[in-house]
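Notes follow once the structure below has been shown.
In the text below, chain A, chain B and the rest are named by the order of the sequence lines, each starting its count at 1.
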2 protein chains.
Amino acid sequence: MSHKGLDYETLNENVKKVQYAVRGELYLRASELQKEGKKIIFTNVGNPHALGQKPLTFPRQVVALCQAPFLLDDPNVGLVFPADAIARAKHYLSLTTGGLGAYSDSRGLPGIRKEVAEFIERRDGYPSDPELIFLTDGASKGVMQILNTIIRGEKDGILVPVPQYPLYSAAISLFGGSLVPYYLEETANWGLDVNNLHSSVAEARSKGITVRAMVIINPGNPTGQCLSEANLKEILNFCNQENLVLLGDEVYQQNIYQDERPFISARKVLLDMGPPISKELQLVSFHTVSKGYWGECGQRGGYFEMTNIPPQTVDEIYKVASISLSPNVPGQIFLGVMVNPPKPGDISYLQFMRESKGILESLRRRAQIMTDGFNSCRNVVCNFTEGAMYSFPQIRLPPKAIEAAKKLGKVADVFYCLKLLEATGISTVPGSGFGQKEGVFHLRTTILPAEEDMPAIMESFKKFNDEFMEQYEDHRGYSRIREGETSRVSC
Amino acid sequence: MSHKGLDYETLNENVKKVQYAVRGELYLRASELQKEGKKIIFTNVGNPHALGQKPLTFPRQVVALCQAPFLLDDPNVGLVFPADAIARAKHYLSLTTGGLGAYSDSRGLPGIRKEVAEFIERRDGYPSDPELIFLTDGASKGVMQILNTIIRGEKDGILVPVPQYPLYSAAISLFGGSLVPYYLEETANWGLDVNNLHSSVAEARSKGITVRAMVIINPGNPTGQCLSEANLKEILNFCNQENLVLLGDEVYQQNIYQDERPFISARKVLLDMGPPISKELQLVSFHTVSKGYWGECGQRGGYFEMTNIPPQTVDEIYKVASISLSPNVPGQIFLGVMVNPPKPGDISYLQFMRESKGILESLRRRAQIMTDGFNSCRNVVCNFTEGAMYSFPQIRLPPKAIEAAKKLGKVADVFYCLKLLEATGISTVPGSGFGQKEGVFHLRTTILPAEEDMPAIMESFKKFNDEFMEQYEDHRGYSRIREGETSRVSC
C-alpha cells in the first residue's frame with residue numbers, strides 16, 4: 001500500500017533531520033513529570049517571566065492602551081494609567097493605519113523602524129537606514145528567513161560556533177544546508193580563535209562545501225562570553241577575505257555581567273574600520289524584546305538590520321516576508337518602547353530605571369552564584385557567565401557513568417541530565433544539544449531562577465551531582481556507593 | 001570576482017521564484033502614491049481595521065488586562081473595565097506560566113487548545129483532541145509549516161484551486177514543490193467540478209509529479225463561493241482514492257452572506273461519512289482571528305487542527321514548531337476569546353452581539369453593493385460574493401487594451417489595475433496574481449471599504465472602467481475616444 005502525504009515515511013527528509021534540544025527529550029520528560037505533579041524548575045530555555053520575573057510596567061501600560069484605544073477617551077483613564085504611557089500609546093497608534101488589529105507593512109511599521117534606526121545610531125555612532133531594518137516575530141524568525149535566503153542546498157555551508165544555540169543547526173537542517181562548525185575554546189573562557197575558522201573553512205572546502213556565511217553569537221549562547229573589539233575585527237577581516245556574510249546574533253546585548261568587555265556591536269566595529277571593508281562586508285544583525293531586562297519572550301518582537309546588502313536582495317527578502325503578511329503588531333510596539341524607553345524627566349522614568357536596574361543587577365549576582373556553585377561541585381568546572389543568560393558547566397563524567405548511559409542507549413550527558421531532572425526537578429539541556437568536543441560533557445542552565453531560590457537550587461544540584469559522582473567514580477577498591485539513595489532515580 | 005552570500009546572483013533560487021501579488025507591483029505603486037500624498041483605498045488585502053472597522057470591545061479589554069496584570073489589583077480597575085472582562089483576563093493568565101511575556105509551549109497554551117477543541121466539538125458535533133491542535137502566528141504560518149513538512153522536492157505536487165490565494169503558490173515555490181492547478185468554474189459560480197481534479201492529477205502524473213495534497217479554500221478566496229456538503233463529500237472521496245492530504249483553508253468560516261449554503265467544515269463532512277474514510281483521510285484545517293467579524297489581522301493568531309495524522313508525524317511538526325519557540329501569546333488569547341465569546345447573561349454579551357452582528361450584516365450588504373456595482377459596468381461580469389471578503393469580477397478587456405499593455409511589457413490586467421489605481425486611488429490585485437484561464441482577466445478587491453463610502457467608490461470605479469472601455473473598444477468606425485480625459489493616467 002502506498003503511503004499518504006503525512007505518513008512519517010514520506011515526510012520531507014530535512015524536517016526529519018532537524019534536532020532541537022532546547023525542547024527535546026529533557027523538556028518532554030520534564031513536562032510529563034510536571035503533569036504528574038512534580039515541581040519542575042524549567043531552566044532549559046531563556047524564559048524569564050516563566051520563572052517569576054515581573055514585566056516592566058511602562059511598556060505594558062503602553063501596549064495595554066494600544067490594545068484598548070477606547071480607553072484613551074475614557075475620563076477615568078488617568079486613574080489607572082500615567083500620562084506619559086497615554087501619550088506614548090497615542091503616538092504608536094498614530095504610526096499605524098487601523099491600530100493593532102491591522103496588518104502592518106510586511107517589514108513592520110515605518111515609524112517604529114525609524115525609532116529602531118535612531119536607537120542603532122545612538123548605540124553605534126553611525127546613522128542607520130530604516131529601509132534596511134525589518135521587524136520580525138522574535139529574532140528566530142529573522143534568522144530563519146536570512147538562512148533560507150542564503151542556503152541553496154547541501155553544498156552551501158554556514159560557519160556556526162560550537163557549542164551553539166540550536167536554532168542554527170535546526171534551521172540549517174530544515175533548509176537543507178551544511179553546518180560547518182568552529183570550536184570555541186573552553187580553556188580560554190570560550191574565546192574565538194580565528195585560526196580555528198581558517199581550518200574549519202579549509203576542511204569544509206575539502207568536502208566540496210562552499211562556506212557562504214558565518215554566525216557569531218555575542219554575548220555567547222550557551223557559553224556566555226563577550227567578544228572583544230579586537231576579536232570582532234579579526235572576525236570581520238576573516239569574513240571579508242572569505243567573502244562570507246556575517247550573521248550577528250546580538251540578542252543578549254543588554255545582558256552584560258562584567259565591566260572589562262562591554263557589548264560592542266559587529267556593525268560599529270565594521271564601520272569604525274572604514275573603507276573598503278566597511279562598504280563591502282555583508283552583515284545582518286539580530287535583536288529582540290525577549291532578552292535583556294525585558295524578557296518579553298511571549299510577545300515575539302524582534303528586528304534585523306542589514307548592512308551592505310544589495311537592494312535587489314533586500315527586495316527578495318521583503319517579498320518572502322510578505323507571504324506571512326506582517327509580524328505581529330503588539331510585538332512591534334514593544335520593540336518601539338525598548339529602543340525608545342522613558343527619558344529623564346518623564347513621569348515613568350524613575351520607576352522604569354528602578355525596575356530595569358533591579359533585574360540586571362540581580363542577574364549579575366545570579367551569574368556569580370551559579371558559577372561559584374558549579375565550581376564547588378565534584379568534577380564540575382564552569383567559566384564565569386560574562387553575558388547572556390546561561391551557565392554552561394563542564395561535567396567530567398566518570399567512565400562508569402558513560403558506560404551506564406551507553407547501556408541505556410543514551411548519550412552520557414543526556415543520562416546525567418535526566419537523572420538530575422528526576423532527582424531535583426531541575427530541567428536543563430545536555431551539552432550535546434549544543435555540540436561539544438568529542439568526549440567532553442556539559443549542560444546548559446539559565447541563570448533565571450529567582451535570586452532567593454538560587455542557593456537552594458545550587459545546593460540541590462550539588463547534592464545530586466556529588467552523589468552521582470560518588471556512585472559512578474572508580475574508588476580503587478574503596479567503594480561506598482550508596483545505591484539506596486540513588487536507586488529511586490531512573491531514566 | 002566571486003559573489004558574496006547575499007548577492008542576488010547567488011541567492012536560493014526558490015526564494016527568487018516566489019511571486020506574491022497581494023503585496024506586489026500594484027501594492028508598491030500604491031504605497032508610492034500614498035507617500036506622494038494621494039488618497040489610496042487599499043482593497044488589495046483583507047485588512048478590515050485598516051479600512052476603519054472597529055475592533056470588538058470585549059476581546060480587546062481582555063487582552064489589555066492580560067498585558068497589564070497589575071491593573072487586576074487596582075481598586076479603580078472596575079471604573080474602566082467590566083467585571084466579565086476582568087474575570088476572563090484572570091482566567092487566561094491562570095492558563096499561562098508567567099503571563100503574556102513567557103514563551104508558551106510551542107504548540108500554544110494547553111488551556112487555550114482545550115477551548116479550541118471545545119469550539120470545534122460544538123461546531124461539528126464530534127469531539128476534538130487538543131493534542132492535535134497547534135496554535136500559530138496567523139493561519140499563513142500554519143499552512144507554510146504543513147506544506148514544508150509534505151514537500152520533498154519539485155516532483156511533489158500540491159493541488160491548488162485556480163484562482164487561488166497566492167499564499168499557496170508562493171509557499172510551494174519557496175519549498176521547491178510543484179503547484180498542480182485545478183480550475184474553478186466561473187460560469188458555475190466558481191464551483192468545483194471533481195472531473196477537473198481527475199484530469200489535473202492525470203496531467204501532473206504524465207509529467208512525473210506525485211500529487212501529495214490538495215488545498216481547498218472554503219469560503220473561496222478570491223472567488224467567494226461556499227462549497228456544498230455534496231461537493232465536499234466528492235472532494236473527500238477523491239482525496240481518499242488518490243491518497244492525498246486535504247488542507248482545508250477555512251479562515252472565512254464566519255463570513256457567509258447567503259442562507260442556501262451555510263459553512264460546513266470538511267472535518268464534519270468527513271466524520272459524518274463514517275469509517276473507513278473517516279478513520280483514514282488525512283486532513284489539516286486552518287482558522288484565524290484575522291477574518292470573521294474579528295478582523296484582528298495584526299495580532300497574528302490562528303490554529304490548525306489535524307485529523308488522522310500519525311503521532312510520529314505530529315511529533316515532527318511539534319519539533320519544527322519548537323525552532324521558533326512559541327506563537328505570540330497575545331494572539332493566543334484572542335483566539336481563546338474568539339472560540340469562547342461572551343455568553344447570554346454575561347455583562348458584555350449584548351454589546352458583543354451588537355458589534356459582531358453589525359459588522360457581519362454590513363459586510364453582507366457591502367457584498368451585494370459591490371457585486372451589483374461591478375455588474376452595472378461595461379464589459380464587467382461578477383459572481384455574487386457568497387462568503388469570504390472579496391469580489392472577483394471578470395474584466396473583458398478589448399484587444400486594443402491588451403495590445404497597449406503588451407507594448408508596455410505588462411500583463412493586461414496589471415495594466416488595467418495600474419490605470420485604475422492612478423485614476424481613482426483604488427488599490428486592487430490583478431487576477432493574474434491568483435491564476436486564471438488563458439485570455440481571461442479579473443481583478444480582486446475586498447468588500448471592506450466602509451459601507452458609507454461604498455457607493456462613491458463604485459461610482460468612481462464605474463466612471464474609470466466605462467471610460468477605459470470607451471477608449472480601448474473598437475467602435476467600428478464610430479470613434480469617440482476622449483483622450484483628454486484619460487491621458488493623465490499612465491503606467
Side-chain angles (χ1 to χ4, degrees), chain A residues 2 4-8 11-12 15 18 20 23 47 49-50 55 60-61 63-64 67-68 71 74 76 79-80 97-103 106 137 140-141 149-152 167 170 212-213 243 245 282 295-300 309-310 312-313 316 319-320 322-325 328-331, chain B residues 2 4-8 11-12 15 18 20 23 47 49-50 55 60-61 63-64 67-68 71 74 76 79-80 97-103 106 137 140-141 149-152 167 170 212-213 243 245 282 295-300 309-310 312-313 316 319-320 322-325 328-331:
Chain A
S2 70
K4 302 194 179 95
L6 279 169
D7 285 350
Y8 179 79
L11 302 184
N12 178 351
V15 163
V18 166
Y20 196 69
R23 298 226 164 160
N47 194 6
H49 293 205
R60 289 297 192 98
Q61 289 169 328
V63 174
Q67 286 286 16
L71 288 187
D74 190 310
N76 290 319
L79 297 174
V80 285
T97 309
L100 304 196
Y103 295 125
S106 305
D137 287 308
S140 306
K141 286 281 167 65
T149 306
I150 295 175
I151 295 172
R152 297 164 300 185
L167 161 65
R212 306 193 64 216
N243 248 342
V245 181
Q282 297 182 339
E296 291 279 11
C297 300
Q299 313 282 357
R300 314 311 292 121
I309 310 299
Q312 216 179 346
T313 297
E316 292 295 306
K319 180 183 71 181
V320 172
S322 299
I323 305 176
S324 27
L325 295 157
N328 87 81
V329 180
Chain B
S2 70
K4 301 194 181 93
L6 279 170
D7 284 350
Y8 179 79
L11 301 184
N12 179 351
V15 163
V18 166
Y20 196 69
R23 297 224 166 162
N47 195 6
H49 293 205
R60 289 298 192 98
Q61 288 168 329
V63 174
Q67 286 285 15
L71 287 187
D74 190 309
N76 290 320
L79 296 175
V80 284
T97 309
L100 304 197
Y103 295 125
S106 305
D137 287 307
S140 306
K141 285 282 166 65
T149 306
I150 295 174
I151 295 171
R152 297 166 300 185
L167 162 64
R212 305 193 65 215
N243 249 342
V245 182
Q282 297 183 336
E296 289 279 11
C297 301
Q299 312 282 357
R300 312 312 291 119
I309 309 300
Q312 216 178 348
T313 297
E316 292 295 307
K319 181 184 72 181
V320 172
S322 298
I323 306 176
S324 28
L325 294 156
N328 87 80
V329 180

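Heavy atoms closer than 4.5 Å to chain A are found nowhere in B/Ala213, neither backbone nor side chain. Only the side chain of A/Val320 comes within less than 4.5 Å of a heavy atom in chain B; its backbone stays farther off. Of the two parts of B/Ile151, only the backbone, made up of N, CA, C and O, holds a non-hydrogen atom closer than 4.5 Å to a non-hydrogen atom of chain A.
One distance of note links CG of A/Asp137 with CG of B/Asp137; it measures 4.5 Å at 0.5 Å rounding.
Closest approach of B/Ala68 and A/Ala64 over heavy atoms only: CB-CB, 3.8 Å.
With hydrogens and angles ignored, the 3.5 Å screen pairs a side-chain donor or acceptor of A/Arg60 with a backbone N or O of B/Gln67. With hydrogens and angles ignored, the 3.5 Å screen pairs a side-chain donor or acceptor of B/Lys319 with a backbone N or O of A/Val18. No donor-acceptor distance shorter than 3.5 angstrom exists from the side chain of B/Asn328 to the backbone of A/Arg300, with no hydrogens or angles considered.
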**Study point:** Steps toward side chain to side chain donor-acceptor pair (under 3.5 Å) verdict (B/Asn12, A/Glu316)
**Key:** CA-CA 10 Å; B/Asn12 179 351; A/Glu316 292 295 306; over 6 Å; no
Review point. B/Asn76 and A/Asn76: side chain to side chain contact (heavy atoms under 4.5 Å, CB included), yes or no, with the steps?
Key: CA-CA 9 Å; B/Asn76 290 320; A/Asn76 290 319; over 6 Å; no
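When A/Val245, A/Leu79, A/Val329, A/Leu100 are compared by the number of non-hydrogen pairs under 4.5 Å with chain B, A/Leu100 comes out ahead. When each of A/Cys297, A/Pro330, A/Pro310, A/Gly98 is scored by its heavy-atom pairs under 4.5 Å with chain B, the top score falls to A/Cys297. Ranked by heavy-atom pairs under 4.5 Å with chain B, the list A/Thr97, A/Thr149, A/Asp74 is led by A/Thr149. Considering only heavy-atom pairs separated by less than 4.5 Å from chain B, the leading option among A/Lys141, A/Gln299, A/Glu296, A/Gln61 is A/Gln299.
Two residues are said to be in side-chain contact when any heavy atoms from C-beta on lie closer than 4.5 Å; B/Leu11 and A/Gln312 fail this criterion. Residues B/Ser140 and A/Leu325 form a side-chain contact, since some pair of their non-hydrogen atoms from C-beta on lies under 4.5 Å apart. At least one side-chain heavy atom of A/Leu167 sits under 4.5 Å from a side-chain heavy atom of B/Ile323. A/Leu6 is listed as a side-chain neighbour of B/Ile150, based on a closest heavy-atom distance under 4.5 Å.
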